[in-house]
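Reading through the structure tokens given below for one structure.
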There are 2 protein chains.
Amino acid sequence: MAPPEASTLEILRTHSLASVAGREIERLILGGEIPAGSRINEQALADRLGISRGPVREAIRGLERSGLVVTVINQGSYVRKVSAAEALELYDLRALITGEACATIAANPPPGALARLKALTGAMAEAATADDAQRYYGLNLDFHAALLEAGAGPRAQRIYADLGNELHLFRRRALVAPENMRESNREHAAMLAALRSRDPDAARRVGETHIRNGKRRFAASTPAVENDQGPPQAATGGEPGHARPTPDPPRRRAPRIARGR
Amino acid sequence: MAPPEASTLEILRTHSLASVAGREIERLILGGEIPAGSRINEQALADRLGISRGPVREAIRGLERSGLVVTVINQGSYVRKVSAAEALELYDLRALITGEACATIAANPPPGALARLKALTGAMAEAATADDAQRYYGLNLDFHAALLEAGAGPRAQRIYADLGNELHLFRRRALVAPENMRESNREHAAMLAALRSRDPDAARRVGETHIRNGKRRFAASTPAVENDQGPPQAATGGEPGHARPTPDPPRRRAPRIARGR
DNA sequence: CCGCTGCAAACTGTTGACGATCGACGATCG
DNA sequence: CGATCGTCGATCGTCAACAGTTTGCAGCGG
């Protein structure tokens, strides 16, 4: 194989620095190295990645659009903090997409899709038996990715992925109880059966229910609706007329109206 | 009122140049001033906006994430060209979200929502009678925005808005036939009735059907599946291993494999 | 002891400039 | 006469520096 330096150069020839920085920052955020709610220091990140601030800023702009960070003028970018209510909505939307994908697959299963899903379910069963939550988690991601690939278009897949990323921001990782693993995989098996049955409506119901049950398990494992403060989020519409609808990422605010100049 | 200059300065104090540039570029794209498929000249845009290339690049990076533009390394950014197949998927996703919103509203209508929707339907009826497609179009947007506001969360609203923006890219604007307007508004009335009926399932069906009918009308007005070439779109996953899955925004292609160096 | 004022450091927002790459045009050679 | 190579212009990607703002702290006064 070629030495890693050559590979790096080849990557640089095909991907811009901003894009690789974007993936790296996304990894740092989702991996928890940059905790939710914390501020992102552009200079520090640039130094860490060995690049300049320009590409870092561009990458942050992209992550902002995808909902991972929020930016306050002259103050910086913050890793978005997803509230419990928002997390619940994310589950609902995922349920919707998953149900639709199940219905599509049941109506006309792509060749090989069911076999692949079945194999993943089997592997998850093994992981659940071994209480290997880490492995189960990864396989679960694969299962749902395969499901979407088989029954949803590229746009839906991207939306689903974005929603999953945002969900990671709510908590460092919803702890996976052993019983939850087994219950979840039972639902996977039920989904598979429904997909085989060629009944789109039933498949949609089962798929939706699976995610909704995940939402329930998630809500049950959440201690309470921790309501630290106004959740930082920049929605679509933001008129300058409003005082400040939601953007209070940091806790310290000095609302000095002394902006007279 | 204050002179526009002062207002501009105040905006600059609360919004970054990149964000206003983003809105402006989005407006240019959706308004058709920058046609779909064309390249975006950063310098020219910066000059036009009277700013430097930095904010423009940041804005483009954000639009890229939201699916309005695609960027090819060392070649530039192109206004995304949505294929017919992609447009159909966009309709499906909008149908899904709209149906869900209808079901939610029917289950528990927020105060004032039904009245507002009814008023909009009435206004649309007037516009349809007057054959004022422009006005009908705007009211239709308002209607669906109000629907989502009443029955969907902020995230779903943002997704819906993004999908609508992408849909604009397919064609300069699907021409609205007078009969289509009337048919569409009849469906609006049916939706309203279903919402009043307090039957979530029925409301969901009607809402979904409305969008699916819009999809049908759209497909009927589309001359054919114009298949110029591989549609430029950057999906979620992009391994450097693949040769080049889809990114062929410009028509001139020089697939010389002579990248040996 | 607490609050206010002023200054200094840090950081962000923006700009301009430099190097590198790509596409196009024209010249040269088979 | 056609194809290939070299050169040129245009544009992108990246960097370093400047200006403006916010934050934190020290000093002062009440």
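Here is how names work: the chains are called A, B, and so on, in the same order as the sequence lines, proteins then strands, and each is numbered from 1.
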Let me know the distance between [atom1] of [X] and [atom2] of [N], rounded to the nearest Å.
X	N	atom1	atom2	result
B:Gln43	D:dC12	CD	P	8 Å
A:Asn74	D:dT21	CG	P	7 Å
B:His15	D:dT21	NE2	C1'	17 Å
B:Leu17	C:dT12	CG	P	17 Å

Could you go through the side chain to side chain contact (heavy atoms under 4.5 Å, CB included) check for A:Leu93 and A:Ile159 one step at a time? CA-CA 9 Å; A:Leu93 290 170; A:Ile159 291 176; over 6 Å; no
Mind checking what makes side chain to side chain donor-acceptor pair (under 3.5 Å) contact with B:Asn140, not counting sequence neighbours?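 Applying side chain to side chain donor-acceptor pair (under 3.5 Å) to B:Asn140 gives B:His144, B:His188.
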Under the side chain to side chain donor-acceptor pair (under 3.5 Å) rule, collect the residues that match up with B:Gln43, sequence neighbours excluded.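 Partners of B:Gln43 by the side chain to side chain donor-acceptor pair (under 3.5 Å) criterion, ordered by chain and then number, come out as B:Asp47.
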Residues A:Ile40, A:Val56; criterion side chain to side chain contact (heavy atoms under 4.5 Å, CB included); working and verdict: CA-CA 10 Å; A:Ile40 297 176; A:Val56 171; 5.8 Å; no
Could you tell me which non-hydrogen atom of A:Arg39 sits nearest to which non-hydrogen atom of A:Gln75, and how far apart they are?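 Heavy atoms only, the tightest pair is CD-O, 3.4 Å.
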Using modelled atom types only, decide if a donor and an acceptor are shared between the side chain of B:Glu166 and the backbone of B:Val82 within a distance under 3.5 Å.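 No, the answer is negative, given that no donor and acceptor are paired below the 3.5 Å cut-off.
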Are the side chain of A:Glu89 and the backbone N or O of B:Arg155 linked by a donor-acceptor pair below 3.5 Å?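 Yes: the side chain of A:Glu89 pairs with the backbone of B:Arg155.
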Checking B:Arg80 against B:Glu64 for the side chain to side chain contact (heavy atoms under 4.5 Å, CB included) test, could you report, in this order, the C-alpha distance in whole Å, the side-chain angles of both residues, the deciding distance, and whether it holds? CA-CA 9 Å; B:Arg80 172 140 171 257; B:Glu64 183 177 13; over 6 Å; no
Can you list everything that forms a salt bridge (charged side-chain N to carboxylate O under 4.0 Å, His left out) with B:Glu24? Sequence neighbours excluded, please.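 Scan of B:Glu24 (salt bridge (charged side-chain N to carboxylate O under 4.0 Å, His left out), adjacent residues dropped) gives B:Arg27.
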Can you pull every protein N or O that's under 3.5 Å from an N or O on nucleotides 8-11 of chain D?
from   : atom 1 : to      : atom 2 : distance (Å)
D:dT11 : OP1    : B:Asn41 : ND2    : 3.2

Strand contacts (DNA chain C) in residues 44-59 of chain A, 4.0 angstrom heavy-atom criterion: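 DNA chain C contact set from residues 44-59 of chain A: A:Arg53, A:Arg57.
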Might you confirm whether atom CZ of A:Arg217 has over 12 heavy atoms from other residues, nucleotides or ligands at distances under 6.0 Å?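 Buried by this count: over 12 neighbours within 6.0 Å.
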When Watson-Crick pairs (N1 to N3 and N6-O4 or O6-N4) and G-U wobble pairs (N1-O2 and O6-N3) count only below 3.5 Å on both distances, what is the dot-bracket string of DNA chain C, with | for other-strand pairs? ||||||||||||||||||||||||||||||
